[in-house]
4 protein chains.
Amino acid sequence: MNYSDNRPIYKQITDYFCNQILQHKWSPEDRIPSVREIAVKMEVNPNTAIRAFHDLQDKDILYNQRGVGYFVAEHAHEKVKQMKREEFINEKLPGFFRDMKQLGFSCKELEELYDKSKK
Amino acid sequence: MNYSDNRPIYKQITDYFCNQILQHKWSPEDRIPSVREIAVKMEVNPNTAIRAFHDLQDKDILYNQRGVGYFVAEHAHEKVKQMKREEFINEKLPGFFRDMKQLGFSCKELEELYDKSKK
Amino acid sequence: MNYSDNRPIYKQITDYFCNQILQHKWSPEDRIPSVREIAVKMEVNPNTAIRAFHDLQDKDILYNQRGVGYFVAEHAHEKVKQMKREEFINEKLPGFFRDMKQLGFSCKELEELYDKSKK
Amino acid sequence: MNYSDNRPIYKQITDYFCNQILQHKWSPEDRIPSVREIAVKMEVNPNTAIRAFHDLQDKDILYNQRGVGYFVAEHAHEKVKQMKREEFINEKLPGFFRDMKQLGFSCKELEELYDKSKK
DNA sequence: GTGGTCTAGACCACC
DNA sequence: GTGGTCTAGACCACA
């Protein structure tokens, strides 16, 4: 687990889960690793891991079967994608555009940097 | 002051200061408003305002004359500009481009949103 | 077996048993299906099924003949009925009525929903 | 805090909050007691209290101001009411109707008990 | 002072 | 074995 990352750990875990789903590594109805497995693998307290599970359960991206484990919900892929896009547009873009204006960055410059970053 | 902004309040104030400098509204050796004036104007706790002054003092963008007030340091404009650009390119762009790719955002879409945000 | 039901699995099984008795499908001295049969039929872990048998044995609704199987006890029907009515009136109704008042549910509305649920 | 209640403690706290709002004791924009105050008052660990705050924040019934405290959100009353009605209809009524059928309770009997409970 | 996050460890219900 | 809840106590950022 990356402690120097500014994001809280539980958020890093939910992002990891979302990525697995976005990349189709985890599909609907798949049983995902248990709380304890994740906690051990990520070297994190189980309570911290649980928080990530709960977060995604609240958003209907995971569901739970008593005594069995957590599973990927139906349409999880679409939900994750939409959620991430909204997050991006609402939470990241405004600050990003503000910075661009402040620093006199044009869209054109940005595009050039973007093309470079692809290579 | 914008409490729904995700950035901490003191950061919003330093950004405001930097903006004033970037836009040449405040020039080297200018005396800037006092902590109290800023606190009142921005409807903010004076402790929070103080933190913003200290931050920029640490970065040699402001300097302090005891009993007199805060002043814009020499070369403040260049320092701010360089600092902000570095921050932007090194800390924000990589994550930003990663998100764009992952979510299938094109530069074109981005540009449209940017034009909208201007209005 | 209904995993999305909020009640624990073993409780769903005891309820099923009680229902069979209430509806006179199972009568005193009848031998009821074995633990294994129930487990297979309900697609449930045998340990979970065993727990249901034990629960009703504790309440003298079932009895066990070693090596033979489980049987419906005498007066099981009366016991079940009384037990369930008491449970319902004492444990469920008070909270239920409190909720109705708090949310402004009338008996009429309730009746409509009840009629719908029958279909 | 009622430990003999079957519901988890954090749920009892969210229900307390919802009741305050339903009864107009807390109105939009009101600052509600701090996490620590609630924890002390309810004789509960602050972490447990925090969980209740987060639950209602996720549902846009409370909102947070950094370093200041929690506030009742706009339209909290309507949201709480709707949420509680949905909970009632989706989670409580099905089991309730199932019990009624199983025990041969009619709507009329229920109504009589309801009228009695009012007195 | 406010809330946010994390850990370690306990105990419980359920499968 | 699974997850769910709770406690006690630490440390941090922010106002």
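Please read all numbers here as calculations on a predicted model, not as lab measurements.
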Need one value for D:Y10: base, sugar-phosphate or nothing, where a base atom within 4.0 Å counts as base even if backbone is also close, heavy atoms only.
sugar-phosphate
If you take all heavy atoms of D:A52 and D:I13, which pair is closest and at what distance?
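Where D:A52 meets D:I13 most closely, the heavy atoms are CB-CG2, 3.6 Å.
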Does [N] have its OP1 or OP2 closer than 4.0 Å to a side-chain nitrogen or oxygen of [X]?
X     : N      : result
D:R66 : E:dG3  : no
B:R51 : F:dC14 : yes
D:T48 : F:dT7  : yes

Students often mix this up, so state it plainly: with edges at 30° and 60°, are the rings of B:W26 and B:F17 parallel, tilted or perpendicular?
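Tilted.
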Parallel, tilted or perpendicular: which one describes the rings of A:Y63 and A:F71, with boundaries at 30° and 60°?
parallel
Show your working on ring-ring contact (aromatic ring centres under 6.0 Å, His included) between D:F88 and C:F96 and close with a plain yes or no.
CA-CA 9 Å; D:F88 185 72; C:F96 187 81; 5.2 Å; yes
Both C:R7 and A:N45 contact DNA chain E. Which one's nearest nucleotide lies toward the 5' end?
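Its nucleotide being nearer the 5' end, the pick is A:N45.
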For A:I9 and for D:V35, locate the closest nucleotide of DNA chain E by heavy-atom distance; then report the residue assigned to the nucleotide nearer the 5' terminus.
D:V35
Any N or O donor-acceptor pair under 3.5 Å from the base of E:dG9 to the side chain of A:N47?
yes
Check whether the side chain of A:R36 and the base of F:dG3 form a donor-acceptor pair under 3.5 Å.
yes
What nucleotide among [options] has an atom nearest to a side-chain atom of [X]?
X     : options              : value
D:P8  : E:dC6, E:dC15, F:dC6 : F:dC6
D:V44 : F:dT7, E:dC6, F:dT2  : F:dT7
A:V68 : E:dT2, E:dC15, F:dG3 : E:dC15

